[in-house]
Amino acid sequence: MEKILVEICVGTSCYVMGASELMMVQEQFTPEQKAHITFKGTTCLDTCLNPACGRAPFVRLNGEIIPEVTVPILIAKIEDALTQLR
């Protein structure tokens with residue numbers, strides 16, 4: 001089974017806008033689910049300066065940039081990705 005890659009921007013703008021809480025999302029998943037997810041903090045996703053990309057905080061999930069991420073949004077996106085792996 002493939003792994004889901006969750007890259008959370010922890011650059012200054014994203015961190016101030018909530019990325020610190022997003023880093024804790026991994027605690028919401030079971031050990032079985034976590035076996036299929038790789039969580040990674042990254043210093044920048046190079047999206048802040050492009051207004052078309054939306055607002056911070058940003059997460060890249062399997063290559064897709066997601067703007068204005070909240071904890072519930074990230075959990076839902078990861079759960080959806082887990083469902084697609086099956």
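Quick caveat: nothing in here was measured; it's all calculated off a predicted structure.
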State whether the number of non-hydrogen atoms from other residues, nucleotides or ligands found under 6.0 Å of Lys40 atom NZ is greater than 12.
no
Are Thr70 and Ile73 side-chain neighbours, meaning at least one heavy-atom pair lies under 4.5 Å?
yes
Using 0.5 Å steps for rounding, measure from the CE atom of Met24 to the CZ atom of Phe39.
11.5 Å
A side-chain contact here means heavy atoms from C-beta on lying under 4.5 Å apart; do Ile4 and Leu85 qualify?
yes
Rounded to the nearest 0.5 Å, what's the gap from CE on Met23 to CG on Leu74? Could you check?
10.5 Å
Phe29 versus Glu79, closest heavy-atom pair with distance:
CE2-CG, 4.0 Å
Quick one: does His36's side chain get under 4.5 Å of Glu2's, heavy atoms only?
no
Nearest heavy-atom pair of Lys3 and Ala35: which atoms, and what distance?
CE-O, 3.1 Å
Got Ile66 and Phe58 here, is their nearest side-chain heavy-atom distance under 4.5 Å?
no
Could you grab the distance from atom CG of Leu5 to atom CD of Glu64, nearest 0.5 Å is fine?
12.5 Å
Walk me through it: do Val25 and Ile78 pass the test side chain to side chain contact (heavy atoms under 4.5 Å, CB included)?
CA-CA 10 Å; Val25 162; Ile78 293 170; 4.2 Å; yes
Do the non-hydrogen side-chain atoms of Leu45 and Ile65 ever get within less than 4.5 Å of each other?
yes
Val10 side chain reached by Thr42 side chain, heavy atoms, under 4.5 Å:
no
Minimum side-chain heavy-atom gap Pro67-Thr47 below 4.5 Å
no
Between atom CG of Leu82 and atom CD1 of Ile75, what is the distance when rounded to the nearest 0.5 Å?
11.5 Å
Measure the CD-SG distance between Glu7 and Cys44 for me, rounded to the nearest 0.5 Å.
12.0 Å
May I ask you to test the Val6-Leu22 pair for a side-chain heavy-atom distance under 4.5 Å?
no
Interatomic spacing from SG in Cys14 to CZ in Arg55 - rounded to 0.5 Å
11.5 Å
Please report the shortest heavy-atom distance between Pro57 and Met17, naming the atom on each side.
CD-O, 3.5 Å
Cluster check Leu61, Ile37: I/L/V/M/F/W/Y, side chain < 4.5 angstrom:
yes
